[in-house]
There are 2 protein chains.
Amino acid sequence: MTPEPFQREAVRRPASIKDVAAAAGVSATTVSHVLSGNRPVNEHTAARVRSVVNRLGYVPASLARSLQAGSTSVIGLLIPDISNTFFAELAKGAEDAAHDLGYGLILCNTEFDADREDRYLGMIRSRFIDGMVYASGSPPSRRRLEALMGKFPIALADEEVEGLEGALIATADHEAGGRLVGEHLRTLGHRRALMLTGPRALRSSNARANGFVRAFRGEVLELVGDFKESSGYGLVAKLLQEGGLPEDCTAVFAANDLMAFGALLALREAGLSVPEDVSVVGFDDIRAASLAHPPLTTVHQPAYDVGRTATAQLLQYVTRGEVPPASRHTLPVELKVRGSTAPAAR
Amino acid sequence: MTPEPFQREAVRRPASIKDVAAAAGVSATTVSHVLSGNRPVNEHTAARVRSVVNRLGYVPASLARSLQAGSTSVIGLLIPDISNTFFAELAKGAEDAAHDLGYGLILCNTEFDADREDRYLGMIRSRFIDGMVYASGSPPSRRRLEALMGKFPIALADEEVEGLEGALIATADHEAGGRLVGEHLRTLGHRRALMLTGPRALRSSNARANGFVRAFRGEVLELVGDFKESSGYGLVAKLLQEGGLPEDCTAVFAANDLMAFGALLALREAGLSVPEDVSVVGFDDIRAASLAHPPLTTVHQPAYDVGRTATAQLLQYVTRGEVPPASRHTLPVELKVRGSTAPAAR
DNA sequence: TTGTAGGCGTTATCAC
DNA sequence: GTGATAACGCCTACAA
């Protein structure tokens, strides 16, 4: 048996352009041009160079290339939680857009952790990446972003940032989503509802709530949650323990699907059935929504498009090298009526 | 109103270490040492330098630093589909492990596309990243990997590669998973089953099938799918159209949850109810599994741990600079019995 | 058609 | 305690 190649080769220093040049008997310049095609090279020498390149397994060091070019052709995507399918879809859109223009995408998953966010933002300050799509669902640190947006290419996805207007933004139409839910429930005859909102600091969350309250035109009890399943569960369970839902309250609108699932669980545990006793509506249309029991009525967000649009905007900025005018893309949402809503029990 | 700072600053070339040095009246060397703490600097000069650093907003260019250091402190994670929660969890584990050691993680989402895979593998060949965790669920291009593994730090996660033995591997115990399902169904009295496998080229898929067949000890009809929901649906729907399940076949084991969902749908459309008429089992335990109707009996894979372990292995390799001995971590799986399985109808 | 020289921004080495 | 200088690996004027 031959010795492990796995072990053998790992030691060698990778070939550089000089190695190739020397082995081919030409200058580094020529090698560079053979590879880039930036200027004509004698077909004969070119062939020789290429053969050496192959033999030595030479691959240009992208670091050196980037250093000299002043850009890396890589951008970042900062999100709070990749295992949330909403962000996963958004990431997919972002990656497709990046890929289309020959850019790489670094996923920056923060887990809502400020430390991580800082570290990732450092990548843009140190110019390891050419730009950043910022899609943090956490109430973002306004200060930090503000400073950065003046100096580096940044686009906001999904979530606007209070006070930062002159920016690139792609977001779903949260207000319209809330409105659709309000109309839907009203039409079904519901007159009192419980609303589980997201963090107050998030514009998207407020927009959903506002749109809903305005369209529903009934009585709404608002409880503030944090977009996690546990908070949906906790808020509803607590309410039920303390004497049940408000009288005649026959509907629950959660500002995202995860909280809706939590609410569903709490209701079920209390012996209430959905949608017979209470209707439940979510927001996002994550994959589990249609699979749940009962299938969740929810607002479909164009997560993929949000990611794709924001990224395309950013790359326009990055590739053109000039600061584009502020722009906002508000993408349409869609109400998905499923099994978790029904006419109000009387 | 003041002119947009957003527009103003974006033009300026970022300050370099030389700019700082000049402004502070010291050499670049000193600036470097003030920032790195690599050698003592007069407290007075240090303070002056720091103030200039602040004033100029100087941040060292990580590219230049990496070029000189010979490594980037960034690794890649190559996966086929980030919106599959299995890979999302795996990614989370990988990111945590990377973060712990101060490494960044580039997400390489291939969508099962060979082109993209190539492009991402290029990042390691061009040394833009220090290593790669390879978790592609697609039948991987053996050749390409083989060549790479000899020269660059690569660890395999989730999926082994046929013929590549001398490597770092972290994977779930697929065979045991299949066995658990086989025993479970057998215990419930099932004697004939339909098995929807993944691609034949995947070891993990074969291991699941083998473990199952061996433990079930009944008659098994194997149909080859591709791990997508559509294939689970298609295979079962076709079978039902062509005369129904084989006689006395009372159970379906899909090699992953997505295909199980597809099967569920096809069965439901044909008027069969789960689990009364047919029991269905999946594999992976993605989030939707417990939310589905009925909740899916499935094999829980330690996705997070697989990602974390593989990445930790890789980083040991990368940071120590030496090729470690081949190692294999087989992580335990767990059968989650839920509502989609029941004793065989007789 | 090809080569030389300089520079991208940093850090390590060596000298003072 | 501090500074020149070289080197990391590449690209691109400029020159021949």
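Residue numbers begin at 1 in each chain, while the letters A, B, ... track the order of the sequences.
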Show your reasoning for whether salt bridge (Lys or Arg N to Asp or Glu O under 4.0 Å) applies to A/D100 and A/R308.
CA-CA 10 Å; A/D100 285 351; A/R308 182 163 192 118; 2.4 Å; yes

Salt bridge (Lys or Arg N to Asp or Glu O under 4.0 Å) between B/R50 and B/E43: does it pass, once the steps are laid out?
CA-CA 10 Å; B/R50 268 189 278 267; B/E43 189 43 54; 3.5 Å; yes

Give the intermediate values and the outcome of salt bridge (Lys or Arg N to Asp or Glu O under 4.0 Å) for residues A/R116 and B/D96.
CA-CA 10 Å; A/R116 287 203 188 188; B/D96 282 350; 2.5 Å; yes

Look at the side-chain N and O atoms of A/N38 and state whether any lies under 4.0 Å from the OP1 or OP2 oxygen of D/dC11.
no

Measure [atom1]/[X] against [atom2]/[N] and give the value in whole Å, please.
X	N	atom1	atom2	value
B/D19	C/dC8	CG	P	10 Å
A/L35	D/dT12	CG	P	12 Å
A/R65	C/dG9	CZ	C1'	19 Å
A/H44	C/dT2	NE2	P	11 Å

Validation row: B/L148, B/M132 side chains within 4.5 angstrom (heavy atoms):
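A side-chain contact is absent here, since even the closest heavy-atom pair is not under 4.5 Å.
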
Verify, without hydrogens or angle tests, whether B/T311 (side chain) and B/A98 (backbone) share a donor-acceptor contact under 3.5 angstrom.
no

Going 5' to 3' through nucleotides 2-8 of chain D and flagging B where a protein heavy-atom sits under 4.0 Å of the base, S where only the sugar-phosphate is that close, and - otherwise, we get BBBB--B

Decide side chain to side chain contact (heavy atoms under 4.5 Å, CB included) for B/N109 and A/H99; before the verdict, give the C-alpha distance in whole Å, the side-chain angles of both, and the deciding distance to 0.1 Å.
CA-CA 10 Å; B/N109 194 55; A/H99 191 261; over 6 Å; no

